Amino acid sequence: MALTLLIAAVVGTGLGVFLQKGRFCFVNAFRDFFAYKDSRVTKGVIAATLLTMVFWGIAYQLGYYQGFWTPGWGLTGLFGGFIFGIGMTYAGGCASGTLYRAGEGYLQFWITLLFMGVGYAAFTIAFPTLQSTYFAPLTFGEGVSLFTISPIPAGLLAIGVAALVLLVYATLVGRAATGVDPDDRATTASVRMTSLLAPVVGLRQFARGTSAYLCGLVETWSNPIAASKRPWDPRTAALGITAMAVVWFTQVSIVGVTGPEARWTGYLLSQVGVDAGSFEYWGSVLFQGQGVGLTVDMVMIGFVIVGAALAALWSGDFSLRMLKRRRLPNAVVGGLLMGAGSRLAPGCNIGNIYSGIAELSVHSFIAAIGIVAGVYVMTHWIYREVGCAI
Amino acid sequence: MPSIDDVTDAPDELSDEQAEELLEDADLVQDMVGEVCPYPQVEAKKGLQQLEAGDLLVQETDHVPCTENVPRAVGDDADARVWRSGNATYRIYLRKQ
């Protein structure tokens with residue numbers, strides 16, 4: 001137990017440091033892509049997810065893993081994910097972003113966390129009704145990970161998926177680089193030529209970008225202390241987060257945020273005299289009849305805040321930041337929508353976009369679509385006066 | 001060989017003296033302390049719409065990602081530079097193009 005707690009502390013702190021230093025934010029990743037086609041953080045998120053998928057696939061194939069998280073699939077993912085996506089865009093921070101910003105000293109995000117807690121509690125009270133009116137009709141099948149049902153060995157499957165995504169990415173980049181719109185071309189032959197060449201051009205560009213990045217990384221070793229205080233590339237964060245997620249997967253489980261937070265809510269309420277265990281959702285679903293107490297994943301996400309605070313202090317980014325009154329609705333409403341949405345899906349941006357896709361969970365593919373759709377709609381609303389690129 | 005700064009895309013930094021001097025010339029100063037993205041980005045775009053080419057917009061912020069996201073959000077509309085106090089406060093200088 002002591003070793004597991006130590007692992008929770010190390011993984012949590014590590015995740016906090018990498019999230020803070022890389023400004024690794026899922027809202028930023030999608031919102032800024034929709035708002036002005038900035039894909040820098042989007043690439044970091046995709047890289048982290050694909051790398052984690054490859055390592056988790058290999059670990060699963062070799063038997064070094066503790067378990068998957070695969071809720072039943074259906075429209076709950078789409079609907080709950082959409083609400084969560086709206087909530088995180090309005091709040092200005094996703095589930096993981098809220099944690100690291102709380103660690104940086106933002107009072108606003110402590111209020112967001114508080115209202116996420118209110119969302120979890122409200123959901124818990126409504127759970128018995130929701131089960132028959134929402135989950136039963138909208139869940140179509142048993143949750144499953146493609147790793148467990150695919151005839152292809154998990155490691156190979158993960159590498160294959162990652163290679164496919166890379167090829168699609170390279171084709172898009174290559175097409176943009178050659179500046180050819182297939183519709184504008186007069187002859188089919190030239191269309192075919194550019195279609196064939198685009199992935200090659202894109203892959204070359206990818207290789208150049210990667211090697212330039214690695215050179216930059218090596219360069220930082222000439223002055224590691226100064227470099228550690230500067231902001232980091234999202235790709236560096238992606239590498240670090242992947243390493244932490246692999247340790248967590250082999251020792252405990254997949255990485256989740258809002259599940260442990262919902263447990264924290266039940267635990268904290270039980271500390272002030274509420275019989276949390278008597279509520280079906282806390283008692284038998286979240287704590288699985290083991291009694292309401294501290295679990296190792298709760299400790300881990302607590303350390304994410306600690307890690308982010310340490311990284312912020314080290315970089316000179318830490319301060320107690322008061323909340324502007326006009327941003328109170330963002331914290332309150334955003335928090336509530338994130339809390340409730342993450343339970344209705346179930347799962348947040350980390351559980352579904354990062355971990356869920358990395359474990360090839362069918363439910364998470366649907367929930368990820370819901371979350372991104374929520375960000376898309378909310379981004380257009382926020383940018384309504386200044387215009388969105390997409 | 002490229003340094004890590006080349007890949008993080010951070011705008012050029014101003015020295016303390018340059019930052020003070022420029023602040024006095026600013027045509028519009030927006031207080032974004034305590035605010036998080038995306039609102040500073042939206043306000044920067046709105047602010048630039050009111051200004052003439054060559055005018056200077058300064059945003060004061062304590063949100064680190066804004067120092068990268070705001071310059072990227074305004075894109076070619078403005079030339080961006082930042083000043084870091086070293087104590088969790090920043091200023092973003094946007095010269096309208």
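Chain letters run A, B, ... following the sequence lines, proteins first and then strands; every chain starts at 1. Quick caveat, the model's predicted, so the values are computed rather than measured.
The shortest heavy-atom contact between A:Y106 and B:V64 is OH-N, 4.4 Å. Among all heavy-atom pairs drawn from A:A91 and B:V36, the shortest one is O-CG2, 4.2 Å. B:D31 and A:K324 make their closest contact through O-NZ, 3.0 Å (heavy atoms, listed as atom of the first residue, atom of the second, distance). Residues A:Y90 and B:Y39 share a closest heavy-atom pair of O-OH, 3.5 Å.
A distance-only check finds a donor-acceptor pair linking the side chain of A:R321 to the backbone of B:D62 [under 3.5 Å]. Between the side chain of B:K46 and the backbone N or O of A:V386, no donor-acceptor pair lies under 3.5 Å.
Taking chain B as the reference chain and counting heavy-atom pairs below 4.5 Å, the highest number among A:T379, A:N330, A:V27 is found for A:N330. With chain B as partner, the option from A:L323, A:D32, A:L107 having the largest number of non-hydrogen pairs under 4.5 angstrom is A:D32. Put simply, of B:S85, B:G86, B:A88, the one with the most heavy-atom pairs under 4.5 Å next to chain A is B:A88. Annotation: maximal heavy-atom pairing with chain A below 4.5 Å, among B:A73, B:C37, B:G34, B:P65, occurs at B:A73. Between chain A and the residues B:V42, B:N69, B:T67, the most heavy-atom pairs under 4.5 angstrom are made by B:N69.
Remark: A:I225 CD1 is loosely packed, at most 12 non-hydrogen atoms of other residues, nucleotides or ligands lying under 6.0 Å away.
At a threshold of 4.5 Å between non-hydrogen side-chain atoms, the residues A:M322 and B:V33 do not count as touching. Two residues are said to be in side-chain contact when any heavy atoms from C-beta on lie closer than 4.5 Å; A:R31 and B:Q41 meet this criterion.
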Pair A:R326-B:E35, salt bridge (charged side-chain N to carboxylate O under 4.0 Å, His left out): steps then yes or no: CA-CA 9 Å; A:R326 61 175 167 175; B:E35 302 253 358; 2.7 Å; yes
Full working for side chain to side chain contact (heavy atoms under 4.5 Å, CB included) between B:Q49 and A:E385: CA-CA 11 Å; B:Q49 283 173 358; A:E385 290 165 57; over 6 Å; no
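In this structure, no portion of A:F24 lies under 4.5 Å from any heavy atom of chain B.
A cation-pi arrangement is absent between B:R72 and A:Y36, since the terminal nitrogen or guanidinium carbon is not both under 6.0 Å from the aromatic centre and inside a 45° cone about the axis.
Atom CD of residue A:E104 and atom NE2 of residue B:H63 lie 7.0 Å apart, to the nearest 0.5 angstrom.
B:Y90 and A:D317 share a side-chain donor-acceptor pair at under 3.5 Å.
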